[in-house]
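In what follows, a single structure is set out as structure tokens and then discussed.
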Amino acid sequence: MKSSPSTYSRTIAEKTTATKAIFSSESDHRLHEMLATNKFGTFFGVSQEVLDSVWQTLTSQTGESVIYISMEIGADLDVFHPVCDRLQQLEITTHPDESINQFLQLFLQGPVKIPNYSGGLGVLAGDTLKSFADCKIPVAGISLLYRQGYFSQLVDSKIGQIAWASQWEPEKTPGLYLLHDPESPSQPLTIEVPFYDLQGIRFAAHAQLWLKMEINEALDFFVPEILLDYQTPLSPDWIQDAAQHLYNSSSEKIKATQRRLLGAGVTPVMETLGLTCRTMHLNEQHGVGVILSLITRLLQEKYGAHYETEVTDHDILSAATEVAKRLVFTIHTPVKAGHDRFDISVYEELVNPFCRRILNLLALDTHNPSVYNFTAMAMKLNRATNSVSRLHKEVTQKQFPQYADKITAITNGVHHLTWTSDARAELFDTFPDLHNWRRDPSVFANTEALQLNNKFRTYFEQAWRTDTKILVDYVNQMLITHRNQRLTTWIDPPNYLSCLKDEDAPLEHTTFTLGFARRFSTYKRADLIFADLDRLAAMITENNWPVNFIYAGKAHPSDEPGQDLIRNVLAIQEELYLKSNGLAKLVFIPGYDMHLAKMMVAGSHAWLNSPKRPLEASGTSGMKAALNGVPNVSIMDGWWVEGYHNGQTGWKFGYEGLVTPEHFSEQPSSLLYNEDSDSFYTVFPEMLRLFYDPTLHDQYIDKCIANLTLNYPIFNTHRMAAEYVARYDLDLAPKVQGEMEKFRRLYCSDPSFESGLK
Ligand SMILES: *Cc1c(COP(=O)(O)O)cnc(C)c1O
């Protein structure tokens, strides 16, 4: 029997309501599954089972887990926020249970910036911990919580960079929890770290413990990051001041204090939380002070309460050898400013006489016995030292010849789920060749066929246009905002284009767009390609090839030469615009952070890196571009030596000869501005020609796709994590171990290590 139209529609309506009811009770259930509690607090995003099992591993007597110690961790939620993504997928916006609803609103609408990083080192730490979570490697991270962040950057056209305290509220940030003291749950969980005043009297610095959960995309594993917050009234004012900003370097003492707040906090945190991690990974030497407490504890166990007076120097040294077996150290830079050396006198106020005795035995600088060299100490006391690219390994071996044998390379990577743009991710999702790419970035390894797949090439270009439009719209909106703000603030708009008439100013998304963004520091030579403006403008006007140059980056507030570089870039804008008849538009975007980085790497048509070789130990922003299929144009330094593949993936320029200790200098006279810019001017027209000439454009896209097939499988943190796991020597579940081996088979940063492994 045929049903009448009205009956028919009623059945549909009933059906829909019924499905909705089932769906909502199911999603209700899903939300309860996302709530978990233990003696330290209540957490949102993982199930009770996941919380318990991760915690159980990290506190198990076997000690088969790792503590990852880093001065900074960059993991902003506006670039990767799996819990929020899941809620959006489930389309849940409110919940009747108020305790759940609060979390729900916080995760859907709460702040997304966690300004606990300054640049590449912190972003790498965040990316690394995310991959450990994805791959289910039991790791806990530890860092400080800086209530004034690093700094917020304003830029004035004449003054240049202006640094402000970052405003953020840890209390209101999703996924960040102040832990409770299990003994008295209304109180925060705290640790204390001993310090000494000028008279040698002991006092304590107190930190409350925060936990940031780095939850993986499947929500079935997480890495806890413990953040030490010394800004409690229990700590003396000067300690609170020293902990306020990341890399506060207003005095030697403050710098050294900040390092101690991290290093000396590690064992108290482990004891308070019951963490048993046998292996400790130092992400750069900042936290190397942990060695002092490890040695002291070992001696105390062995020689009892009076160890301080009873042990010989030999006992201390053998304890140090014992402790070193637990440590894995990654060195990140050959640049002096990145290495910690402090005057001995500073330590008279920071540690007790016994710790100074340890330091005198282990940390004295060989060239200058009035300073402690902490980089050298970290290099001496570990079971594995890693540099962050193959070239950086050679450089590090030359800088520390006495440890050359134990230095190996693990080339950095980036977290692919964080850095692949939404438009690119959607593209990857739709191609069967790339099935499962979210879980397994190695799927890109066998996809050469994509080069010949016209559908893929077309969709790739479409996704790219979407991303370029997002970037260019952002810049244009910023230019207008700055112009309007002119009347209401004392900041002079940083960009010349803000001052032009509306119709002249806006950037176009069809214009070739070159991106450059990173910390501004002398050796990174942000203004290199502007060394000869006439020549640069000429190649643009001769062929009528318009170019957008989009720049961003912060200089450390006490790095004057770094800030000069920002002023140089601003000062060039007008001249470049006029000399190129308005074809070249150079824009500086203030406030570089992860979100801007993601927008820039995906929206640019090429990514520029112009450091002085070999001072860029790795560099990671170029990898972020590569994972979006954006070619790099770079000095042969850091990762690019490995990612260049004979030009299949981009362009190289500049000095690439032998590296000797003379090349380590950052003196202005040895920065090779003339030679390297000259070399850039020979490749740049070739790039523009491939981009603009319709008969050659296919060759440009070839390079893009080659980035996906050749670089995606290598320069991701899953592969990097797998190489670290081999150094950690962990006993892992066979399934996890198998995945790690699969990633390691894709690439081996250091064949000499692999042969040692057998
Ligand atoms: C990736 C990233 C960096 C590091 O860039 P490099 O090219 O390695 O210097 C610095 N800052 C932010 C915000 C980043 O996202």
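Every number for a ligand or one of its atoms is a count from 1 in the order of the listing. Note that the coordinates shown come from a computational prediction; the quantities given were computed from them, not determined experimentally.
Closest protein heavy atom to atom 15 (O) of ligand 1: K624 NZ, 2.6 Å. For atom 8 (O) of ligand 1, the closest non-hydrogen atom of the protein is T620 N, 2.7 Å. Protein heavy atom closest to atom 11 (N) of ligand 1, with residue, atom name and distance, is Y592 CE2, 3.4 Å.
Atom 10 (C) of ligand 1 has its nearest heavy-atom neighbour, among G638, S618, G120, in G120. Of all the listed residues (D76, D593, L124), D593 holds the heavy atom that lies closest to atom 13 (C) of ligand 1.
Per-residue contacts place R518 under 4.0 angstrom from the following atoms of ligand 1 (heavy atoms of the residue considered): 7 (O), 9 (O). Heavy-atom contacts of M594 reach the following atoms of ligand 1: 13 (C) (cutoff under 4.0 Å). Residue contact check: S621 has heavy atoms under 4.0 Å from atoms 5 (O), 6 (P), 7 (O), 8 (O) of ligand 1. Ligand-side atoms of ligand 1 in range of A597: 15 (O), range being under 4.0 angstrom from any heavy atom. Atoms of ligand 1 found under 4.0 Å from any heavy atom of G619 (numbered from 1 in listed order, with element): 8 (O).
No salt bridge links E723 with R744; every basic N to acidic carboxylate O contact stays at or beyond 4.0 Å. Using a cut-off of 4.0 Å between Lys/Arg side-chain N and Asp/Glu carboxylate O, E214 and K212 are scored as salt-bridged. Ion pairing between D676 and R525 holds under the 4.0 Å rule for side-chain N and carboxylate O. For the pair R438 and E217, the salt-bridge criterion is met [side-chain N within less than 4.0 Å of a carboxylate O].
Using a 4.5 Å heavy-atom threshold, the side chains of F653 and E675 count as separate. The side-chain heavy atoms of M71 and Y146, taken from C-beta on, include a pair separated by under 4.5 Å.
Using a 4.0 Å cut-off between heavy atoms, W419 contacts ligand 1 through its side chain alone, with no backbone atom that close.
Residue S498 comes nearest to H482 through the heavy atom pair OG-CB, 3.7 Å, listed as atom of the first residue, atom of the second, then distance.
For the residue pair W168 / T173, no side-chain donor-acceptor distance below 3.5 Å is found, with atom types taken as modelled.
For ligand 1, the polar-atom distance check against K524 finds a nitrogen or oxygen pair separated by under 3.5 Å. Checked by distance only, ligand 1 and E616 stay at 3.5 Å or farther apart across all their nitrogen or oxygen atoms.
A cation-pi arrangement is present between R727 and F753, with the terminal nitrogen or guanidinium carbon under 6.0 Å from the aromatic centre and inside a 45° cone about the axis.
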